[in-house]
Chemist: 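Dropping the structure in here first, questions after.
The structure presented is a predicted model; accordingly, all values stated were derived computationally and were not measured. Hydrogens, waters and symmetry mates are skipped; everything else that's a heavy atom, side chains included, is used. Each residue takes its place number in the sequence, starting with 1.
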Amino acid sequence: MTLRFNSSGLSKLTAIWVLIVLGLSAAALAQAPTPPVATVIPKADTLFGEVRIDNYFWLRDRTDPDVFDYLEAENEYTKMMMTDTEALQEQIFKEIIGRIKETDLSVPEKVDNYYYYSRTEQGKEYAIHCRKLGSLEAPEEILLDENELAVGKEYLHIGAYGLSPNHQLLAYSVDTTGGEVYTLYVKNLQTGKLLSDRVPNVGNSIAWAADNHTLFYDVLDETYRPYRIYRHVLGSAASADKLIFEEPDDHYFVDVALSRNKRWIMIDLGSETTSEALYLDANNPLGEFKVVQPRQAGVEYYVFPHDDQFFIITNDNALNFKVMTAPASNPGKANWKEFLPYREEIRVESMKTFKDYVAISERQNGLIQLKIVRLSDKAEHNIEFPEATFSAMFNNNPDFNSRALRFTYFSLTTQKSVFEYDMESRERKLLKQDEIPSGYDATQYQAERIFATAPDGVQVPIALVYRKDKFRKDGTNPVYLDGYGAYGIPEDPWFSVARISLLDRGFVFAIAQVRGGGEMGRPWYYAGRLLNKKNTFTDFIACAEHLIKEKYAATDKVIAYGGSAGGLLVGSVLTMRPDLWGAVVADVPFVDLINTMSDSTIPLTVTEWEEWGNPLEPEYYSYMRSYSPYDNIRATNYPPILITAGLNDPRVAYWEPAKFCAKLRAMKTDGNLLLLKTNMDAGHGGASGRYEAYKEIAFEYAFLLKVLKLQP
């Protein structure tokens with residue numbers, strides 16, 4: 001039975017939603033479910049002589065109840081089409097949960113006389129933040145139980161989280177929608193009660209002054225851009241807070257933080273290509289912030305305070321960045337001195353300053369390296385790592401005076417491991433490695449790093465992993481190919497307890513480290529942005545073809561996965577090469593490039609012009625139009641596709657994936673499954689609770705096993 005409203009219908013409700021409203025049984029619906037069909041309401045836009053017709057522009061209107069009806073209809077259709085996988089979803093979910101230690105705690109960090117840590121409890125979605133005074137044997141004090149905050153709420157995320165210098169107050173911000181708009185609270189840790197201080201519409205950065213009474217925070221504008229810094233004195237009304245800094249340029253985001261040595265309050269602001277920093281003595285919260293170095297277009301610099309001097313990482317005449325120092329009393333560029341010279345082949349990414357050492361995170365040939373430099377004589381060495389492909393990153397390291405560096409290490413085969421490294425003796429101590437209660441033998445899995453050749457001859461790294469006894473290099477294995485390639489953000493190998501459910505079923509998991517990301521340094525980023533953006537997509541296609549050619553992948557079982565800006569990647573390769581993919585998963589995908597980037601009222605648009613280009617300029621319009629996924633959907637066969645969205649997503653509005661699905665459904669000529677799954681209670685990151693997040697992963701994996709017709 002099929003019903004469909006025509007354009008004269010009184011409602012945009014789709015056929016499947018009407019069937020549900022009529023109360024047909026689930027069994028009857030399962031026999032021949034009809035996918036939702038969004039009503040066509042053409043809207044014409046003209047740019048540079050080209051008329052573009054957008055049939056689904058109406059889906060942007062959140063005040064229209066028909067929009068919600070459509071999203072709910074798609075959700076109901078998705079649920080029905082996946083009914084036959086419910087047992088499989090539950091099976092995979094239980095596998096994942098069996099691999100996590102549900103009741104667990106983080107490695108405690110000593111700050112002054114307190115040991116701080118967070119822990120989880122079996123059956124509870126969120127973390128519990130705690131501390132102990134004097135020793136780890138002391139009684140536990142619960143500072144913040146996120147589970148209590150989440151009672152009666154579908155979503156919860158803690159943004160800012162900062163303790164006053166005297167450890168008596170906790171400032172934190174809470175988002176309960178996924179929209180990334182927070183409310184700031186202050187809790188008295190001695191009484192356990194909230195203070196009357198409450199500030200709405202804040203971002204997620206705060207800084208305490210040394211007086212334990214003054215708090216700095218950021219505020220959002222109408223496009224959700226953090227653009228102002230305010231000063232709040234405890235006990236006063238938020239309306240009385242003093243505006244300290246305002247950034248009028250829509251290209252820039254601002255945030256505020258207390259330096260690691262607790263001496264300076266820092267305001268950082270940056271666009272995609274330019275940055276600036278301001279500083280204030282934390283002992284003088286009523287003073288005026290000073291600029292480290294006035295901004296210069298195209299120049300980025302990042303300040304890491306250390307006693308009476310600042311360490312500065314900058315790309316000034318150093319494409320891959322270098323390290324400078326400057327006196328805190330007069331840190332302008334005229335006083336910058338070279339600390340670590342520019343090395344063309346090494347990208348300097350970040351650093352931690354200690355009283356007697358600095359630890360620097362670098363990248364060479366796509367691999368992370370952690371460099372230790374002793375300040376007394378500038379003697380340096382790198383921490384050695386055992387695997388060919390891995391990730392390593394600094395922990396908080398709150399003790400400025402320590403000579404012990406904590407870092408986290410993991411790889412495609414090694415679970416998250418926290419190490420403490422003595423920067424003088426070079427001794428390394430494993431403090432904690434994530435346990436896998438159901439059992440895990442890393443020797444059963446093999447990680448590799450291989451390279452694909454892009455159309456222009458560039459070698460593109462691929463990090464991959466498989467289970468040895470399930471893998472045959474004969475072109476029969478399904479491959480899950482993950483890509484991102486934007487903002488210069490590297491997608492380094494990481495360990496996933498969920499992924500094991502795919503590996504144990506014979507999948508190869510691969511990361512295509514395409515241009516536009518930061519894996520191979522700053523030039524790698526520039527080669528995949530603006531008018532070079534299509535390199536990102538052709539790199540990804542080359543990686544898929546290489547995996548097929550080298551017999552890692554079956555020709556009909558390569559899955560393209562990408563989320564957010566990675567959704568632009570998979571959306572583009574889907575429209576460029578729909579024949580190449582066995583399935584596509586587009587997670588909160590940025591796919592309506594021209595429409596979004598032409599509308600400066602949409603969150604992030606103006607800032608993003610430096611990443612994608614401004615389509616209101618003819619050169620960029622033509623180039624962006626040539627790959628924009630939504631604008632390049634055509635009448636052809638497409639593989640099975642799963643698209644996800646978050647109703648409250650401020651980064652990629654729900655209507656982008658919704659419109660993408662609606663247009664695909666109207667134009668595709670195949671009978672393959674196309675599903676849109678919108679989380680009606682969350683934003684860009686999906687479900688906030690850990691169990692709910694694993695259920696989303698189990699759903700995705702069940703979808704892939706279903707459409708690829710693989711054994712569960």
Chemist: Parallel, tilted or perpendicular: which describes the rings of F407 and F419, with under 30° parallel and over 60° perpendicular?
Modeler: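 Answer is parallel, since the angle falls under 30°.
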Chemist: When you compare the side chain of D681 with that of L647, does any pair of heavy atoms fall below 4.5 Å?
Modeler: no
Chemist: As a quick check of understanding, evaluate side chain to side chain contact (heavy atoms under 4.5 Å, CB included) for I267 and F289, giving each step before the final call.
Modeler: CA-CA 8 Å; I267 295 176; F289 279 85; 3.7 Å; yes
Chemist: Check whether NZ of the Lys or CZ of the Arg R260 lies under 6.0 Å from the centre of the six-membered ring of F354 and within 45 degrees of that ring's axis.
Modeler: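 Judged by the rule (NZ or CZ under 6.0 Å from the ring centre, within 45° of its axis), R260 counts as positioned above F354.
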Chemist: Just how far is it from atom OG of S259 to atom CH2 of W264, taken to the nearest 0.5 Å?
Modeler: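 It is 8.5 Å, given to the nearest 0.5 Å.
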Chemist: Between Y172 and Y185, does the ring pair (Phe, Tyr, Trp, His ring centres under 6.0 Å) criterion hold? Intermediate values first, please.
Modeler: CA-CA 6 Å; Y172 64 95; Y185 301 89; 5.7 Å; yes
Chemist: Hey, does the side chain of R499 reach the backbone of W494 with a donor-acceptor pair shorter than 3.5 angstrom?
Modeler: yes
Chemist: If you measure from CD on E420 to CG on N395, what distance do you get to the nearest 0.5 Å?
Modeler: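 So the CD of E420 and the CG of N395 are separated by 10.0 Å.
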Chemist: F390 vs Y409, test: ring pair (Phe, Tyr, Trp, His ring centres under 6.0 Å). Steps then yes/no.
Modeler: CA-CA 7 Å; F390 59 88; Y409 175 92; 5.7 Å; yes
Chemist: For F699, is the NZ or CZ atom of K677 found under 6.0 angstrom from the centre of its six-membered ring and inside 45 degrees of the ring axis?
Modeler: yes
Chemist: Between the side chain of S501 and the main-chain N/O of I96, is any donor-acceptor distance below 3.5 Å?
Modeler: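 Judged by distance alone, no pair lies under 3.5 Å.
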Chemist: Are any of the side-chain nitrogens in K416 or D434 under 4.0 Å away from the carboxylate oxygens of its partner?
Modeler: no
Chemist: If every non-hydrogen atom of V570 is compared with every non-hydrogen atom of V585, which pair is closest and at what distance?
Modeler: CG2-O, 4.0 Å
Chemist: So, T120 side chain and E102 main chain: donor-acceptor pair closer than 3.5 Å or not?
Modeler: yes
Chemist: Using modelled atom types only, decide if a donor and an acceptor are shared between the side chain of T83 and the backbone of K79 within a distance under 3.5 Å.
Modeler: yes
Chemist: Within a strict 4.5 Å, meaning less than it, do heavy atoms of the V652 and P657 side chains meet?
Modeler: yes
Chemist: Side chain of N397, backbone of R406: donor and acceptor closer than 3.5 Å?
Modeler: yes
Chemist: As a test of understanding, state which of F703, F509, Y480, Y701 forms a ring-ring contact (aromatic ring centres under 6.0 Å, His included) with Y561.
Modeler: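 Of F703, F509, Y480, Y701, ring-ring contact (aromatic ring centres under 6.0 Å, His included) with Y561 is met by Y480 alone.
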Chemist: Would you please test H129 and Y117 for ring pair (Phe, Tyr, Trp, His ring centres under 6.0 Å) and show each step?
Modeler: CA-CA 6 Å; H129 304 278; Y117 59 95; 9.9 Å; no
Chemist: So does G178 get a backbone contact from the side chain of D175, meaning a donor-acceptor N/O pair under 3.5 Å?
Modeler: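 Yes, D175 side chain to G178 backbone: donor-acceptor pair under 3.5 Å.
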Chemist: Would you check if D211 and P285 make a side-chain contact, meaning some heavy-atom pair closer than 4.5 Å?
Modeler: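 A side-chain contact exists here, since the closest heavy-atom pair is under 4.5 Å.
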Chemist: Main chain of P305, side chain of T353: is a donor-acceptor contact present, judged purely on distance under 3.5 Å?
Modeler: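 Judged by distance alone, yes, a pair lies under 3.5 Å.
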Chemist: Any heavy-atom pair between the side chains of V254 and I229 that's under 4.5 Å?
Modeler: yes
Chemist: Let's go through R228 and D241 carefully: what are the C-alpha distance in whole Å and the side-chain angles of both, what is the deciding distance for salt bridge (charged side-chain N to carboxylate O under 4.0 Å, His left out) to 0.1 Å, and is it a yes or a no?
Modeler: CA-CA 12 Å; R228 286 177 171 174; D241 290 352; over 6 Å; no
Chemist: What closest approach, in Å, do L133 and N113 show between heavy atoms, and which atom pair accounts for it?
Modeler: CD1-O, 3.6 Å
Chemist: Does the pair N204 and S173 meet the rule for a side chain to side chain donor-acceptor pair (under 3.5 Å), with working shown?
Modeler: CA-CA 7 Å; N204 58 12; S173 61; over 6 Å; no
Chemist: Are side-chain N/O atoms of Q168 and S164 paired as donor and acceptor at under 3.5 Å?
Modeler: no
Chemist: Output the distance between atom NE2 (H157) and atom OH (Y126), rounded to the nearest 0.5 Å.
Modeler: 10.0 Å
Chemist: Is a side-chain donor or acceptor of S417 paired with a backbone partner of Q415 at a separation under 3.5 angstrom?
Modeler: yes
Chemist: Between D218 and S205 (side chain of the first, backbone of the second, donor and acceptor by atom type, cut-off under 3.5 Å), is there such a pair?
Modeler: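 Yes, because the side chain of D218 sits within donor-acceptor range (under 3.5 Å) of the backbone of S205.
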Chemist: Please say whether more than 12 non-hydrogen atoms of neighbouring residues, nucleotides or ligands are located less than 6.0 Å from OH in Y224.
Modeler: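 No, because the 6.0 Å sphere around OH of Y224 holds 12 heavy atoms or fewer from other groups.
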Chemist: Would you tell me whether T214 and H232 have side-chain atoms, one donor and one acceptor, within less than 3.5 Å of each other?
Modeler: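 There is no such pair (donor and acceptor under 3.5 Å, judged by atom type) between the side chains of T214 and H232.
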Chemist: Sequence neighbours excluded and cut-off under 3.5 Å, please list the side-chain donor-acceptor pairs for residues 482-489, or say none.
Modeler:
residue : atom : partner : partner atom : Å
Y487    : OH   : E608    : OE1          : 2.4
Y487    : OH   : E608    : OE2          : 3.4

Chemist: Centre of Y116's six-membered ring, under 6.0 Å away, within 45 degrees of the axis: is that where NZ or CZ of R131 sits?
Modeler: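 No, a cation-pi geometry is absent between R131 and Y116.
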Chemist: Determine whether a donor-acceptor pair (N or O, by modelled atom type, separation under 3.5 Å) exists between the side chain of E276 and the backbone of G270.
Modeler: no
Chemist: Can you say whether the rings of F495 and Y440 are parallel (under 30°), tilted (30 to 60°) or perpendicular (over 60°)?
Modeler: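 Ring orientation of F495 relative to Y440: perpendicular.
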Chemist: Answer yes or no: is there a side-chain heavy-atom contact under 4.5 Å between V199 and T183?
Modeler: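 SC-SC contact between V199 and T183 ruled out.
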Chemist: Ring of Y115, cation from K132 - is the NZ or CZ under 6.0 Å from the centre and inside 45° of the axis?
Modeler: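 Cation-pi check for K132 and Y115: fails.
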Chemist: Would you indicate whether the side-chain heavy atoms of H167 and L189 approach each other to under 4.5 Å?
Modeler: no
Chemist: Quick one: are I265 and V256 in side-chain contact, heavy atoms under 4.5 Å?
Modeler: yes
Chemist: Verify salt bridge (charged side-chain N to carboxylate O under 4.0 Å, His left out) between R60 and D592, making sure each step is shown before the conclusion.
Modeler: CA-CA 12 Å; R60 288 179 50 161; D592 195 9; over 6 Å; no
Chemist: Does NZ in K429 sit with more than 12 non-hydrogen atoms of other residues, nucleotides or ligands closer than 6.0 Å?
Modeler: no
Chemist: Between atom CG of L370 and atom CE of M393, what is the distance when rounded to the nearest 0.5 Å?
Modeler: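 Here the interatomic distance stands at 9.5 Å.
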Chemist: In Å and rounded to the nearest 0.5 Å, what is the OH to CE distance from Y155 to M680?
Modeler: 16.0 Å
Chemist: First locate atom OG1 of T678, then atom CD1 of I643, and finally report the distance between them rounded to the nearest 0.5 Å.
Modeler: 9.5 Å
Chemist: Is R62 close enough and on-axis enough to W655, meaning under 6.0 Å and within 45°, for cation-pi?
Modeler: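 Verdict for W655: no cation-pi partner in R62.
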Chemist: Testing K432, R690, R119 for salt bridge (Lys or Arg N to Asp or Glu O under 4.0 Å) with D104, which one passes?
Modeler: K432
Chemist: Applying side chain to side chain contact (heavy atoms under 4.5 Å, CB included) to T103 and K101, what does each step give before you reach the verdict?
Modeler: CA-CA 6 Å; T103 298; K101 189 175 181 182; 5.7 Å; no
Chemist: For the residue pair H251 and D249, confirm or rule out a side-chain donor-acceptor distance under 3.5 Å.
Modeler: yes
